[in-house]
Amino acid sequence: MDDMKKVGNSSCNDGLLLRMGLNDNKAGMQGLDKEKINKIIMEATKGSRFYENELKKDQQVNQRIERMMQLKEKITTQQLLKAQLQVDKLVIELEQSRNLSNTIVHIDMDAFYAAVEMRDNPELKEKPIAVGSMSMLSTSNYHARRFGVRAAMPGFIAKKLCPHLTIVPLNFEKYGKVSKEVREILTEYDPNFMPMGLDEAYLNITEHLEERLNWPEDKRRFFFNTESTIEKDKGEVNMSAKFNEDGYSSSPILFEDNTPLMDDHPQQRDQSMENSVVFGTSAEEVVKEIRFRIEQKTQLTASAGIAPNTMLAKMCSDRNKPNGQYRIAPERQAVLDFLKDLPIRKVPGIGKVTEKMLKALGIVTCSELYQQRALLSLLFSEASWRNFLDISLGLGSTHLEKDGERKSMSTERTFSEINTAEDQYSLCRELCRDLAQELQKEGLKGKTVTLKLKNVNFEVKTRASTVLSSVSTEEEIFAVAKDLLGTEIDSVAPHPLRIRLMGVRVSGFLSEEEKKYQQKSITSFLKSGKEIAFLRLQPGKSNQEYCTKNSEASPGGSFFDKKRAARQLNSENLSPNETVAKEDSVLVCPVCNSEQKTTSLMSFNRHVDVCLNKGLIQELTEKKDFPTKTCNMENSNRVGGLSRGQQCANPSQGTKRSGVTTSQSVSKKAKSCNSKHTIEMFFK
DNA sequence: CGGATCGAC
DNA sequence: CTATGTCGATCCG
């Protein structure tokens, strides 16, 4: 998004201000200068919990830098020379593989959300506006930016910077519609174009350019949208000017110079079609055409970059925004010229922290990045310095890969402080419910559940747990998340856990391969007509285990719910051995599959352990896989010492991966419980 | 694997 | 009063 989140850092390095304030003000005009902006932000911010946490993070970065500098001190000239040789060998290879044959375009809608809101509400047109809420802004228009109002800034601070600021709430449905309109245009130039969010996209127009060479003019002719409500009076081309809110924006507008549109066909303009325009066949003309069509269709302007790879194209689109475009010719020297004085912060992938670290090494521009390549290869990880090298050579992807399958799905929410376990658990359940719904829309199941917590001091923690069999339903996810939450609550007891955010994520999805396999094993399992045994447990003070004989256990979850609520609310230790499975559930041993006529967990566990040990011995003596009896042990986190046993009990999942998972996650839990007797017994 | 960090939108 | 939500990548232990 064209939001100026990246703010040139330049001179004064007074820490946080640079991060939080906008120091990009063109002096003179109405608005505020850097100093004022930073002062106001600092006043609004100083002493807040947020600020304190920012300071803490800042210190951590400084320590990182310190460690790096110490490392640097130890580097000998010998090492440096050697590194230089190695890196330069790589440079030669990279140089040889440089590919300038593609034409990549990056399209970036200008101040997208704000522009949509202004379009739809003329009242806003002359005003400084931002889209978002009092707590967080998503974007602002250029007018507001002159006051230092920008994306990722809370609205209440923006208001201090610019008291007249109008804050419009987000309306994603609307932006989505507009985005779709834009995409309909883009797809004509590259059916495989890659959208990046609602307001940006990469296109590879290499093929289009070839075809276009043979196109007759008619196919390159487009008409002005006449029935639009826009006030436009004089002549052909001033439509885009209105989007230049301020009249003194430095960016070029679409038709401002005398030549561009008719580049290739200067002769025809007036007679044929009064309200039409013909675009040429060059890349620049194509992109002008795209931007023209976007504007005609949506009344919104876009900026664009043209270059031989995505990284460069993206940086180009930033060059002349808003409502401008820029091209790097497909020549090595053109690329290097472009990079020469470019601040590394402009490079996609280089953020605040990396900028600061590199600056500590005296690196600010891309050419400096290249000069220091040998040093960087000694100070940074392979992935990092190779990336730096690519950047400084101007290398990037020359084709647009379809993004692969998703790797995780999550949901999180911020709220005013919540500090009672009761509310936290019910919130957690709610998140699990929402997440489960989304997961099921995509038919996904994952093995890892991650809980994210942010306390009122803005400190973030994540806690993850990987289970044997994939989860996707509210109950399944919650069963895991609630344990993680419980552990965190316990960890601060007797103090309450004071949080301002909670999130739940599911990852570790099954690959397509695994899906099929699982499908098979499930159906064959069902055919075999066996019962599913469930076994669950919660570590910590509220140990709770039960098995039900029923495969559709706890249908509405109410049973589960009440139990949990009661237990956690009372916050006392129910003796873990008593009162299990009162209702209509029956304990079934997951190993031998027989019903156990007891309601005492302890004796039930004993039985299970015995069964498992039998299995273990058998496995080890026969030295082969455990019999493939499909015993579904979803979520079976039985708390004590079943590390090997679980593997045995669930052979259908017996891949290397799940084996490791099992022994790790269980052995950890085994410590917290005193039931490692299973293991000890075995080794006697 | 789990946890923290970075970066992008 | 009031500092987002979602995702992927990477590094380290």
Side-chain angles (χ1 to χ4, degrees), chain A residues 1-3 5-6 16 19-20 41 44-45 48-54 57 60-61 64 67 108-109 112-113 131-139 150-160 167 170 172 175 179 195-201 314 345 347-357 380-384 386-387 403-417 431 434-435 438 447-454 456-467 484 500-508 657-668:
Chain A
M1 176 158 337
D2 153 35
D3 265 328
K5 282 181 197 166
K6 293 194 174 190
L16 287 176
R19 223 189 292 153
M20 307 172 61
I41 292 179
T45 253
S48 65
R49 293 171 185 240
F50 176 81
Y51 181 67
E52 293 302 314
N53 187 252
E54 290 297 296
K57 289 196 297 190
Q60 285 174 359
V61 171
R64 239 178 108 178
R67 287 200 301 275
D108 187 340
M109 300 295 293
F112 186 50
Y113 300 168
V131 182
S133 72
M134 231 23 180
S135 344
M136 186 53 59
L137 302 181
S138 287
T139 189
R150 58 196 195 107
M153 172 182 282
F156 72 93
I157 289 182
K159 276 283 197 183
K160 294 189 179 172
I167 298 182
L170 284 159
F172 277 111
Y175 314 142
S179 183
M196 307 291 293
L198 292 177
D199 71 327
E200 277 183 38
K314 164 111 179 139
R345 187 59 164 91
V347 178
I350 307 272
K352 222 171 43 192
V353 174
T354 309
E355 176 190 36
K356 193 169 176 182
M357 295 212 296
F380 288 83
S381 71
E382 172 119 354
S384 291
R386 302 267 302 218
N387 182 234
D403 26 28
E405 288 174 3
R406 90 152 57 232
K407 299 192 168 159
S408 75
M409 187 183 282
S410 66
T411 182
E412 69 188 58
R413 232 164 280 162
T414 294
F415 34 76
S416 52
E417 173 170 352
L431 290 166
D434 293 352
L435 184 56
E438 294 305 304
K447 292 202 266 290
T448 301
V449 175
T450 306
L451 181 75
K452 175 175 171 182
L453 300 174
K454 176 150 66 185
V456 291
N457 293 322
F458 291 87
E459 295 162 335
V460 178
K461 241 188 223 175
T462 64
R463 292 290 179 260
S465 169
T466 301
V467 292
L484 296 169
R500 70 176 344 264
L501 171 145
M502 186 187 296
V504 179
R505 173 162 74 247
V506 169
S507 56
R657 233 198 337 266
S658 66
V660 171
T661 299
T662 303
S663 54
Q664 279 186 353
S665 70
V666 173
S667 67
K668 221 180 262 177

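Proteins get letters first, then strands, A, B, ... in listed order; numbering begins at 1 in each. Any value given below was found using the heavy atoms of this structure, including those in side chains, with hydrogens, waters and symmetry copies removed.
Under the 4.5 Å side-chain criterion, counting only non-hydrogen atoms from C-beta, A:Lys447 is in contact with A:Thr466. Annotation: side chain of A:Val467 is not in contact with side chain of A:Val449 (no heavy-atom distance under 4.5 Å). A:Lys356 places a side-chain heavy atom less than 4.5 Å from the side chain of A:Val61. Residues A:Met357 and A:Arg64 have side chains in contact (heavy-atom distance under 4.5 Å, counting atoms from C-beta outward). Proximity of A:Tyr175 to A:Asp199: side-chain heavy atoms (C-beta onward) are nowhere separated by under 4.5 Å.
Ranked by how close their nearest DNA chain C nucleotide is to the 5' end, A:Pro154 and A:Ser384 are led by A:Pro154. Each of A:Glu412 and A:Glu382 was matched to the nucleotide of DNA chain C holding its nearest heavy atom; the match closer to the 5' end belongs to A:Glu412. Mapping A:Thr448 and A:Val61 onto DNA chain B via the closest heavy atom, the residue that lands nearer the 5' end is A:Thr448.
Residue-level contact check: A:Arg49 touches neither bases nor backbone, having no heavy atom under 4.0 Å from any strand. In this structure, A:Thr411 reaches the sugar-phosphate backbone alone: every heavy-atom distance under 4.0 Å involves primed, P, OP1 or OP2 atoms, never a base. Residue contacts for A:Thr450: at a heavy-atom cut-off of 4.0 Å it reaches no nucleic acid atom on any strand shown. At a threshold of 4.0 angstrom between heavy atoms, the contacts of A:Arg505 with the nucleic acid are absent. Contacts of A:Leu501 with the nucleic acid, taken as non-hydrogen atoms under 4.0 Å apart, involve only primed sugar atoms and P, OP1 or OP2.
In the set B:dC9, C:dT4, B:dG3, C:dT4 carries the atom at the smallest distance from any side-chain atom of A:Met136. Each of B:dA8, B:dC6, C:dG5 was ranked by its minimum atom distance to the side chain of A:Arg64; first place goes to B:dC6. Between B:dG2, B:dG7, C:dT2, one nucleotide has an atom nearer to the side chain of A:Thr354 than all others, and that is B:dG7. Distances were taken from every side-chain heavy atom of A:Met409 (C-beta onward) to each of B:dC9, B:dA4, C:dC7; the shortest belongs to C:dC7. Of the candidates B:dG7, B:dC9, C:dT2, the closest approach to any side-chain atom of A:Val353 belongs to B:dG7. Of the candidates B:dA4, C:dG8, C:dG5, the closest approach to any side-chain atom of A:Thr414 belongs to C:dG5. Closest approach to the A:Arg406 side chain among C:dG8, C:dT4, B:dT5 is made by C:dG8 (side chain taken as heavy atoms from C-beta onward). With C:dT10, C:dG5, B:dG2 as the candidates, the nucleotide lying closest to the side chain of A:Ala383 is C:dT10.
Applying the 4.0 Å criterion to OP1 and OP2 of C:dG5, one finds that A:Ser410 has every side-chain N and O outside that range. An OP1 or OP2 oxygen of B:dG2 is reached within less than 4.0 angstrom by no side-chain nitrogen or oxygen of A:Thr462. At the phosphate of C:dT6, neither OP1 nor OP2 sits under 4.0 Å from any side-chain N or O atom of A:Lys452. Close to C:dC1, at under 4.0 Å from its OP1 or OP2, lies no side-chain N or O of A:Ser416.
Evaluation of the side chain to side chain contact (heavy atoms under 4.5 Å, CB included) rule for A:Glu52 yields A:Leu55 as partners, not counting sequence neighbours.
In this entry the distance linking CD1 of A:Ile350 with P of C:dA9 reads 17 Å, nearest Å. Nucleotide B:dC9 holds its P atom 13 Å from the CG atom of A:Leu198, rounded to whole Å. For A:Leu484 and B:dC1, the CG to P distance is 15 Å, given to the nearest whole Å. The distance between atom CZ of A:Phe458 and atom C1' of B:dA4, rounded to the nearest whole Å, is 19 Å. In this entry the distance linking CE of A:Met153 with P of C:dT4 reads 13 Å, nearest Å. Residue A:Leu170 contributes atom CG, which lies 11 Å from atom P of C:dG5 at whole-angstrom precision. Summarising the geometry, the separation between CD on A:Gln60 and P on C:dC11 is reported as 18 Å, rounded to the nearest angstrom. Atom CZ of A:Phe380 and atom P of B:dT5 are 17 Å apart (whole Å).
Under the 30°/60° scheme for interplanar angles, the aromatic rings of A:Phe172 and A:Tyr113 are found to stand perpendicular.
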